[in-house]
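Just the heavy atoms: all of them, side chains too, but no hydrogens, waters or symmetry mates, feed the values below. Letters A, B, ... are given to chains in the order of the sequence lines, protein chains preceding strands, and every chain is numbered from 1.
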4 protein chains.
Amino acid sequence: MTDTIIAGDVLRSYIERIERLEEEKAGIADLIREIFAEAKGNGFDTAVMRQILKIRKMDPHDVAEKDELLDLYRQAIGMPVG
Amino acid sequence: MTDTIIAGDVLRSYIERIERLEEEKAGIADLIREIFAEAKGNGFDTAVMRQILKIRKMDPHDVAEKDELLDLYRQAIGMPVG
Amino acid sequence: MTDTIIAGDVLRSYIERIERLEEEKAGIADLIREIFAEAKGNGFDTAVMRQILKIRKMDPHDVAEKDELLDLYRQAIGMPVG
Amino acid sequence: MTDTIIAGDVLRSYIERIERLEEEKAGIADLIREIFAEAKGNGFDTAVMRQILKIRKMDPHDVAEKDELLDLYRQAIGMPVG
DNA sequence: CTGCCATTTTACCGGC
DNA sequence: GCCGGTAAAATGGCAG
């Protein structure tokens with residue numbers, strides 16, 4: 001009996017803590033979006049910026065590997081590698 | 001020349017600010033994951049918890065959408081909305 | 001060597017089949033757009049039409065989801081589902 | 001009176017034609033997904049395949065431009081261009 | 001040309 | 001630890 005009530009409280013606590021953190025997370029996502037908007041307003045290409053961020057996050061070895069693979073595939077189907 | 005250098009500083013600043021915020025965001029995601037893990041350890045079903053969170057987030061939006069929908073149907077059959 | 005050539009043929013085949021299908025898909029999207037345009041020309045509100053389509057697509061799914069949700073809530077408070 | 005009935009039939013016709021086409025479109029999307037799955041099963045990297053498809057769809061001039069921009073940005077923030 | 005909506009891509013989580 | 005499916009974010013395209 002009491003178990004159910006207590007479990008309910010615990011569950012609600014979990015739920016509310018998660019909701020609070022998700023709000024924080026959303027707030028940070030907003031800030032990031034604002035920075036992209038500002039960068040765009042100053043003439044930067046946000047797609048290229050995202051690419052830069054992705055590369056910096058990746059293991060350099062993996063980057064090289066993917067690049068090689070792309071070249072390999074392009075050659076394999078007879079596309080100029082550029 | 002100088003243009004490039006200055007733009008480089010600005011760009012680097014944008015990139016680093018974004019990376020910093022993304023780290024924060026990832027940290028919060030970790031905290032959320034920990035709460036789920038703790039809840040799971042205490043016997044709660046995380047799928048159920050995720051559903052509850054989803055509903056609590058969606059419901060107000062859903063209500064608005066249903067209202068809008070009703071109006072749209074009334075339009076569709078040629079009934080005045082007011 | 002030969003491996004690369006053969007793999008190249010296979011890869012090119014995949015790529016071209018996908019491109020062909022994507023063209024078909026785009027063609028169908030065009031037809032859909034034409035129907036909307038025709039409907040609009042005949043005085044129908046395309047926004048309303050899109051809402052109707054959305055609802056007709058979502059409703060069965062939505063019903064199932066609500067049922068599932070009810071079960072989940074019963075679990076959450078420790079009630080047997082059956 | 002009759003107008004409403006007729007309009008209703010016309011609207012339903014539009015809706016059903018669109019739904020039919022959307023089904024076809026979804027069917028084609030399934031086929032594309034299957035090809036990717038098959039390619040993956042044969043050891044191809046689908047992410048790289050998608051990149052190939054994107055490049056082939058883009059104007060070659062735009063591709064070169066984006067590449068140059070990426071290099072420029074990398075230099076500007078002091079990243080090795082690779 | 002701006003906002004909106006569909007599609008696509010990415011990250012995440014649970015199962016094997 | 002990978003892999004498949006699922007939900008969130010982002011990109012692109014279209015109507016207005």
Go through the steps for Lys25(B) and Glu24(A) under the test side chain to side chain contact (heavy atoms under 4.5 Å, CB included), then give the verdict. CA-CA 8 Å; Lys25(B) 197 151 71 82; Glu24(A) 278 186 54; over 6 Å; no

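- Spacing between atom CG of Leu53(A) and atom P of dT11(F) amounts to 11 Å, rounded to whole angstrom units.
- The CD-C1' distance, from Glu65(C) to dA7(F), rounds to 12 Å in whole Å.
- Distance Leu31(B) CG to dC12(E) P: 14 Å, rounded to the nearest Å.
- Atom NZ in Lys57(A) sits about 9 Å away from atom C1' in dT10(E), given to the nearest Å.
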Apply the test salt bridge (Lys or Arg N to Asp or Glu O under 4.0 Å) to residues Glu34(A) and Arg17(B): give CA-CA distance (whole Å), side-chain angles for both, the deciding distance (0.1 Å), then the verdict. CA-CA 11 Å; Glu34(A) 282 169 29; Arg17(B) 282 161 65 197; over 6 Å; no

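- Under 4.0 angstrom from either OP1 or OP2 of dC5(E) there lies no side-chain N or O belonging to Arg50(C).
- If you measure from atom CE of Met58(C) to atom P of dC5(E), you get 14 Å, rounded to the nearest angstrom.
- DNA chain F is contacted by both Ala29(A) and Asp30(C); Ala29(A) maps to the nucleotide lying nearer its 5′ end (nearest heavy atom per residue).
- Put simply, Lys54(A) has a side-chain N or O that comes within less than 4.0 Å of OP1 or OP2 on dT10(E).
- Side-chain atoms of Tyr73(D) come within 3.5 Å of backbone N or O of Asp45(A) as a donor-acceptor pair.
- With rounding to whole Å, Lys66(D) atom NZ is found 10 Å from dT11(F) atom P.
- Heavy-atom minimum distance, Ile77(A) versus Gly8(C): CG2-O, 4.0 Å.
- Residue Ile52(D) contributes atom CD1, which lies 14 Å from atom P of dT9(E) at whole-angstrom precision.
- Listed candidates were dC12(E), dA11(E), dA8(F). Nearest to the side chain of Arg33(B) is dC12(E).
- Taking atom CD1 of Ile18(C) as the reference point, atom P of dT7(E) lies 18 Å away to the nearest angstrom.
- At the heavy-atom level, Lys40(D) lies under 4.0 Å from the strands shown only through sugar-phosphate atoms.
- Nearest-nucleotide mapping onto DNA chain F: of Gln51(B) and Ala37(C), the residue sitting toward the 5' end is Gln51(B).
- A sub-4.0 Å separation between OP1 or OP2 of dA15(F) and a side-chain N or O of Thr46(C) is absent.
- Across all strands, Lys25(B) comes closer than 4.0 Å to no nucleic acid atom at all (heavy-atom distances).
- For the pair Arg50(C) and Phe36(C), the cation-pi criterion (under 6.0 Å, within 45° of the ring axis) is fulfilled.
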